[in-house]
Amino acid sequence: MALRTRLTTLLGIEHPIIQGGMAWTATWELVAAVSNAGGIGVIGAGHMPTDLLREQIRRAKLATDKPFGVNLMLLTPHIDDIVTMVLEERPAMVTTGAGNPSKYIAALKEAGIKVLPIAPSVALARRMESMGADAIIGEGMEAGGHIGELTTMVLVPQLVDAVSIPVIAAGGIADGRGVAAAFALGAEGVQVGTRFMCATECTIHDSVKERVIKAKDRDTMVTGMSTGHPVRVLKNRLAKQIQELDRANKPAEIEALGAGKLALCMRDGDIEYGSLMAGQCAAMVGDVRPAAEIVADLVSGAEAVIASLSRFSG
Ligand code: TUI
């Protein structure tokens, strides 16, 4: 059995598994490893300067012949420059997050780049489909980083009913059971972030990988509600500080306190005062393994669940 869907056809990939484009985390090493394993790796642009992101794309091109993508973080102030550069470099795909990518979709598509916006709501997904998006990534609030309001379980089937293009499920998926569940909801692929933080090829600091592996079921929290950009993180000193500022309704101070903190965590390994973005499924991550094994286990685990479900029929 193989999990072939409209997503695998759209992108020319073997497995319907998109690696989440996590800022300061998903660099070309991880991206190439996931793409070489038959999924699709996605470089996390975050607030990266344009020339550094170009270098990341070029390194990924040297490290894999397979398709890979770039996640455009739409809140970044130089997003127009980034899109101009991406139009020149032409990765196979972009995913977009943290905003509405409408004004970029036509140009990206004209350059032959597939566009997969991340949508936390039905209204945005419908709008993206009408603007020409190739597929929609429905990301539930189990996910790490910047999140919407709905859970994956509730969001994905509503998106499947609302649009005709493929829907990809994201948020809370870390093993084959989650992949099979996403398919049961009507998704044609999954986006997996947190599990790939603990890929061997992921270049984040080892302290972060260790913290993710230690995480228990209730170890994440949502910070920054008062800023309008809620962010799920593993609880630490910074998260508690932000929680207090949230309670005091001081969004500007939260923005100031948060600046540079994702790099402090992921690059420098400060897991107490850095921004430890991770999804609820951190608790389901038990080891550091090569990306190819993670991809293979997601696929074989899903196939096993799907086969075992046949006991309910006939
Ligand atoms: O983008 C993400 N996850 C992220 S971005 C990020 S960097 C950041 N750091 C601090 C504050 C904010 C961002 C860390 N993690 N996931 C995809 C995602 N997109 N989640 C939610 C959304 C979203 C939200 C609103 C997408 C579109 C949207 O549209 C609003 C509108 O204008 O219609």
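Note: hydrogens, waters and symmetry copies are ignored here, and every other heavy atom, side chains too, is used. Just so you know, ligand 1 is whichever comes first in the structure, and atom 1 is the first atom listed for that ligand.
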Side chains of [X] and [Y]: is there a donor and an acceptor less than 3.5 Å apart?
| X | Y | result |
| --- | --- | --- |
| T27 | T203 | yes |
| E142 | T152 | yes |
| D81 | T50 | no |

Where's the contact between [X] and ligand 1, heavy-atom distance under 4.0 Å: side chain, backbone, both or neither?
| X | answer |
| --- | --- |
| L75 | side chain |
| M277 | side chain |
| H47 | neither |
| L262 | neither |

Any atoms of ligand 1 less than 4.0 Å from a non-hydrogen atom of [X]? List them with their elements.
| X | result |
| --- | --- |
| L124 | 27 (C), 28 (C), 29 (O), 33 (O) |
| G97 | 1 (O), 17 (C), 19 (N) |
| I118 | 17 (C), 18 (C), 26 (C) |
| A98 | 1 (O), 18 (C), 19 (N), 22 (C), 23 (C), 26 (C) |

message: For residues 269-278, which residue pairs pass the side chain to side chain donor-acceptor pair (under 3.5 Å) check, not counting sequence neighbours?
response: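 Non-adjacent pairs meeting side chain to side chain donor-acceptor pair (under 3.5 Å): R237-Y273.
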
- prompt: Less than 3.5 Å between some nitrogen or oxygen of H229 and one of ligand 1, yes or no?
  reply: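 So ligand 1 has no N or O lying under 3.5 Å from an N or O of H229.
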
Polar atom proximity, M73 to ligand 1 (N or O, under 3.5 Å):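 In fact, backbone or side chain, M73 has no N or O that close.
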
- request: Among L87, L72, V83, find the one that has a side-chain contact (heavy atoms from CB on, under 4.5 Å) with V94.
  value: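 That would be L72; it is the only one of L87, L72, V83 passing the side-chain contact (heavy atoms from CB on, under 4.5 Å) with V94.
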
- prompt: Minimum heavy-atom separation for L10 to A135, with atom names?
  reply: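 Nearest pair, atom of L10 first, then A135: CD2-CB, 4.4 Å.
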
